[in-house]
Amino acid sequence: MATFGIHFDGPITVDHKVSIRVLAKTYEHMQRAIDRAYLIEKHGDVWKHARLKDHEYQETEFIAEYPREGGIILDAVRAGAGAIVDRVAAAIRPVFEGAVNDAIEQQASIAEQLADRRDYVGGMRANTPRFEDLLADPPDAWASGYSNRSVVKEIDQLVAQVTPDRLDGSIVEITLRGRRSHLPFEFDAQIARRFHKIAARKELGAAFAVNTIIRTLDRGNRYARPSAKILNLASGREVVLHLSSQQDCDALHPYHNGREVRLFVCPIIEALGFDLMGGDLMFLSVA
């Protein structure tokens with residue numbers, strides 16, 4: 001029997017109970033993590049916008065047990081779901097260990113990385129690697145990293161519930177038993193914040209050239225940065241292209257005409273993962 005348990009303690013509880021809001025968020029994000037883990041286990045990877053099909057929902061349907069006292073302990077069980085729970089544990093473990101050990105690496109800012117990538121394509125020009133080359137030999141860590149991130153981002157939101165200052169001293173412990181038992185993951189506010197920093201980390205990958213058609217061009221506003229949607233002609237997928245300034249919009253505007261244009265771009269890597277077919281890209285220049 002596969003099980004997961006979520007144990008809250010400290011000020012987040014009142015008389016050994018939690019609020020409906022905490023209860024709802026906990027079950028919601030744990031269910032989403034299980035759904036992602038199921039897709040990884042079934043298909044090997046999970047890609048952007050992947051969803052369960054109607055007949056797959058029953059495979060991830062855990063039965064909630066009555067909440068127990070002792071802080072507040074929420075349990076859920078399902079027969080035959082051991083591999084799914086093991087997959088959740090495998091995704092959480094490296095990020096959790098990094099958070100516990102305070103292993104948050106310093107990295108150059110996105111602005112600095114962007115300047116480096118633009119200098120690179122400015123020198124390489126026609127010798128810049130092509131998207132087709134990357135598609136033929138993608139980095140090994142990208143697919144697994146992106147898949148794991150889809151689980152980790154749900155756990156991140158679950159454990160973030162103990163981080164508000166007014167709940168200082170609260171903890172949440174996650175216990176998982178799949179085909180084997182896993183050591184528990186115990187989060188206080190400090191560990192939860194470090195977990196978030198690792199899970200939310202973004203960096204720019206190596207630049208490449210790609211043939212595209214610009215579908216939409218948005219100059220942004222005071223709340224949103226400019227962006228575009230482009231059709232990657234090699235993959236046949238429409239993806240988001242992030243722009244760093246209004247000048248980028250001006251550079252693309254003459255090519256927003258339904259015709260093919262070759263662009264220099266780089267992938268936006270999150271938590272060491274990237275969806276090569278549908279992941280977001282950063283604009284560097286028109287090739």
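One hydrophobic cluster, built from ILVMFWY side chains closer than 4.5 Å, cannot hold both Leu276 and Leu231; they sit in different ones. The hydrophobic cluster containing Val77 does not contain Val88, counting ILVMFWY residues as joined when their side-chain heavy atoms lie under 4.5 angstrom apart, directly or transitively. Residues Ile213 and Leu241 do not share a hydrophobic cluster, defined by chaining ILVMFWY side chains whose heavy atoms lie under 4.5 Å apart. Taking hydrophobic clusters as Ile, Leu, Val, Met, Phe, Trp and Tyr residues chained together by side-chain heavy-atom distances below 4.5 Å, Ile73 does not share a cluster with Tyr27.
Of all the heavy atoms in Ile12 and Val18, the pair that sits closest is O-CG1, 4.0 Å. Nearest heavy atoms, Val210 versus Asn232: CG2-OD1, 3.5 Å. Of all the heavy atoms in Ile40 and Ser150, the pair that sits closest is CD1-OG, 4.3 Å. The two residues Ile268 and Lys202 make their nearest non-hydrogen contact at CG2-CD, 4.3 Å. Here the shortest heavy-atom pairing between Ala209 and Arg262 reads CB-NH2, 3.5 Å. For the pair Val239 and Gly279, the tightest heavy-atom approach, listed with the atom from each and the gap, is CB-O, 3.8 Å.
The side-chain hydrogen bond (donor to acceptor under 3.5 Å, both in side chains) with Thr26 is formed by just one residue from the set Arg21, Gln157, Gln161, Gln31; it is Gln161. In summary, of the residues considered (Asp188, Asp102, Asp165), a salt bridge (charged side-chain N to carboxylate O under 4.0 Å, His left out) with Arg193 occurs for Asp165 alone.
The pair Arg149-Asp275 does not count as a salt bridge, with every side-chain nitrogen at least 4.0 angstrom from each carboxylate oxygen. The pair Asp156-Lys153 fails the salt-bridge criterion, with no side-chain N (NZ, NE, NH1 or NH2) lying under 4.0 Å from an Asp/Glu carboxylate O. Salt bridge absent: Glu270 and Arg201 never bring a charged side-chain N and a carboxylate O closer than 4.0 Å. Under a 4.0 Å N-O distance rule, the pair Lys42/Glu59 does not qualify as a salt bridge. Between Asp86 and Arg93 no salt bridge is recorded (no basic side-chain N to carboxylate O distance below 4.0 Å). Ion pairing of Asp35 with Arg87 is absent here, as no side-chain N (NZ or NE/NH1/NH2) approaches a carboxylate O to less than 4.0 Å.
With ring centers used as reference points, Tyr146 lies 6.0 Å or more from Phe274. Phe62 has its ring centre less than 6.0 Å from the ring centre of Phe4.
Proximity of a side-chain donor or acceptor of Thr212 to a complementary backbone N or O of Val261 within less than 3.5 Å is detected. Arg117 places a side-chain N or O within 3.5 Å of a backbone atom of Leu204 that can act as its donor or acceptor partner.
Inter-residue side-chain proximity for Asp133 and Phe208 is flagged as unmet; no heavy-atom pair is nearer than 4.5 Å. In this structure, Phe187 and Ile174 have side chains that are in contact, with non-hydrogen atoms separated by less than 4.5 Å. In this structure the side chain of His7 never reaches within 4.5 angstrom of the side chain of Val172, judged on heavy atoms.
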Run the side-chain contact (heavy atoms from CB on, under 4.5 Å) test on Ile171 and Phe8 for me, step by step, so that the C-alpha distance in whole Å, both residues' side-chain angles and the decisive distance to 0.1 Å come before the verdict. CA-CA 6 Å; Ile171 63 167; Phe8 287 100; over 6 Å; no
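Side chain to side chain, Gln246 and Asp250 fail the donor-acceptor criterion of an N or O pair below 3.5 Å.
The number of heavy atoms from other shown groups lying within 6.0 Å of NE2 (His29) is above 12.
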